[in-house]
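Here the structure comes first, spelled out in structure tokens, and everything after it is commentary.
Numbers restart at 1 for each chain; the letters A, B, ... are given by sequence-line order, proteins then strands. Given the structure is predicted, the values throughout are model-derived calculations rather than measurements.
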Amino acid sequence: MPELPEVERVRQSIEAVVAGATVERATLHRRDVLVIPGDPEGGFSRNRTRYRPKRASPAHLLQGLTLRGAHRRGKQLALVSSKGPAVIVHLGMTGQVRRVAEGARLPQTDHIHATWRLTAADGSRWRLVFRDPRRFGGLWHVPDSASLTERWSALGPDALTLTPTALAEVCRGAKRAVKAVLLDQRAVAGVGNIYADEACFAAGIDPHRTATTLTPHEIESLAAEVRRILADAIERGGSTLRDYVDAEGTQGGAQLVHRVYARAGLPCTQCGGVLSTDRLAQRATVWCPRCQG
DNA sequence: AGGCGATCCTGAGGGC
DNA sequence: TGCCCTCAGGATCGCC
């Protein structure tokens, strides 16, 4: 499940090829994966039972344009053209962006929903594909840079640079669990279930605590741990639990240092006590009742 | 306001 | 070997 670190690794692993590249040809293999402005379903997620996509053209996937680069906010990735139009890529649960040299074979060819054929700035030719077996992810066409800014302004501050002030602001008056706040992309962008649990553990805060009751000291500690854990996970190449690989197919190693995620019933690495589990905000949650007061 | 359940989807893993 | 069930979860929607 790609969260901020995994999306950032994907971004890094395509940036060099994407910056200055020309999109020679773009193909959409599955129509309902792309949302274009004016679609009956205008939100960020598609309700598939009702979603009826309008006709998409290769231009909606930036065919014929030169790319400026790959940008990221929270868990969202955007291929941005130098003229302004962009495509937001959301990986959802099982989404991948893979990149191979033109003519090279992709390791997996099932569930590929979009393909871009690129000529990089140095003249080399590449194929970029969006693959997403479970289709919780998707693509969003954005007509200009102002629209991208507008869309991304609906997201909270990027979790990688989360300040105590910003965290305090979204916790103020929030009568819900602090983990629910961390998972809310409008409050903080980029944290998912794994790193929410890991950050709460590292900060010694029970994820069930009502957000508004956190002390300034706890807020500061939590913001620092969110930043540290995400930065460390990026350095380790992200967390590979099952599906995640970066654009070159490289697995991550951050899962090796998880202290609580998927460790329910196992001993706490800090105190040796048994880790507890329940469901919070619809997500499996693991914490140490002794270390997280 | 926000908790909660349902929904979308596929693949893995357990039980028998 | 195979079938059925459950579970995983990001985001949203509708109900309470």
Side-chain angles (χ1 to χ4, degrees), chain A residues 1-8 10 29-35 39-53 72-78 88-97 107-114 130-140 151-152 154-156 158-159 169-199 207-213 230 238-245 251 255 258 260-265 277-286:
Chain A
M1 46 240 59
E3 301 181 25
L4 186 153
E6 292 76 32
V7 177
E8 175 60 17
V10 170
H29 307 291
R30 209 194 144 100
R31 219 158 58 116
D32 64 3
V33 158
L34 174 69
V35 176
D39 267 350
E41 160 60 61
F44 198 75
S45 104
R46 294 156 289 131
N47 181 331
R48 281 155 187 94
T49 54
R50 280 184 305 165
Y51 180 53
R52 296 287 177 276
R72 182 192 60 74
R73 170 108 171 216
K75 304 175 192 173
Q76 297 184 25
L77 182 69
I88 291 176
V89 181
H90 192 246
L91 300 177
M93 283 290 296
T94 53
Q96 299 176 334
V97 172
Q108 290 149 307
T109 53
D110 55 343
H111 304 295
I112 288 176
H113 308 311
F130 172 62
R131 178 175 182 268
D132 185 14
R134 241 140 114 189
R135 276 181 279 139
F136 273 39
L139 306 173
W140 281 258
R151 215 176 236 297
W152 279 3
L155 296 173
D158 194 74
E169 200 172 308
V170 293
C171 285
R172 190 168 50 222
K175 296 193 190 82
R176 53 178 168 162
V178 62
K179 178 175 176 181
V181 172
L182 290 178
L183 291 175
D184 184 346
Q185 302 302 298
R186 294 165 302 181
V188 178
V191 179
N193 199 38
I194 298 170
Y195 299 111
D197 277 6
E198 293 299 320
H208 305 81
R209 284 272 303 281
T210 302
T212 197
T213 69
L230 295 177
S239 296
T240 297
L241 302 173
R242 183 174 300 165
D243 305 291
Y244 170 73
V245 286
Q251 299 193 332
Q255 70 282 0
H258 291 167
V260 284
Y261 180 81
R263 295 196 66 245
T277 184
D278 71 350
R279 285 189 86 79
L280 198 173
Q282 330 276 88
R283 308 293 152 74
T285 298
V286 185

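No side-chain donor-acceptor contact under 3.5 Å links A:Y195 to the backbone of A:E3. Without hydrogens or angle criteria, A:R172 side chain to A:A174 main chain gives no donor-acceptor distance under 3.5 Å.
A:R186 has its CZ atom 15 Å from the P atom of C:dG10, to the nearest Å. For the pair A:L91 CG and C:dA11 P, the interatomic distance rounds to 11 Å; values are reported in whole Å. Atoms CG (A:D243) and C1' (B:dG11) sit 8 Å apart, rounded to a whole Å. Between the CZ atom of A:R283 and the C1' atom of C:dA8 there is a distance of 11 Å, rounded to whole Å. Remark: P of B:dG11 and CG of A:D110 are 7 Å apart, rounded to the nearest angstrom. For the pair A:I88 CD1 and C:dG10 P, the computed distance is 19 Å after rounding to whole Å. Distance A:L183 CG to C:dA8 P: 15 Å, rounded to the nearest Å. The distance between atom OH of A:Y244 and atom P of C:dG10, rounded to the nearest whole Å, is 15 Å.
Two residues are said to be in side-chain contact when any heavy atoms from C-beta on lie closer than 4.5 Å; A:L34 and A:H113 fail this criterion. Using a 4.5 Å heavy-atom cutoff, the side chains of A:V89 and A:V10 are not in contact. Counting only heavy atoms from C-beta outward, the side chains of A:L91 and A:V97 approach each other to under 4.5 Å. Between A:E8 and A:L230 there is no side-chain heavy-atom pair separated by less than 4.5 Å. For the pair A:W140 and A:Q76, the minimum side-chain heavy-atom distance is 4.5 Å or more. At least one side-chain heavy atom of A:L280 sits less than 4.5 Å from a side-chain heavy atom of A:P207. At a threshold of 4.5 Å between non-hydrogen side-chain atoms, the residues A:D158 and A:L4 count as touching.
For A:R242 and B:dA12, the shortest distance from a side-chain N or O to OP1 or OP2 is not below 4.0 Å. Of the side-chain N and O atoms in A:H111, none sit less than 4.0 angstrom from OP1 or OP2 of B:dC9. Using a 4.0 Å cut-off, no side-chain N or O of A:H90 falls inside it from OP1 or OP2 of C:dG10.
The side chain of A:E3 sits closest to C:dG10 out of C:dA8, B:dT10, C:dG10.
Residues A:D197 and A:R283 are not paired through a salt bridge, judged by the lack of any N-O separation under 4.0 Å between the basic side chain and the carboxylate.
Rounded to 10 degrees, the angle between the two end axes of the helix from B:dG2-C:dC16 to B:dC16-C:dG2 is 50°, with five pairs used at each end.
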Could I get a table of every N or O pair under 3.5 Å where one atom is in the protein and the other is in nucleotides 5-7 of chain C?
none

Sub-3.5 Å pairs of nitrogen or oxygen atoms, protein against nucleotides 2-4 of chain B:
{"from": "B:dG2", "atom 1": "OP1", "to": "A:K175", "atom 2": "N", "distance (Å)": "3.3"}
{"from": "B:dG3", "atom 1": "OP1", "to": "A:K175", "atom 2": "O", "distance (Å)": "3.1"}

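A side-chain contact (heavy atoms from CB on, under 4.5 Å) with A:R131 is found for exactly one of A:D243, A:T94, A:I112, namely A:I112.
What you find for A:K75 and A:V7 is that their closest heavy atoms are O-CG2, 3.4 Å.
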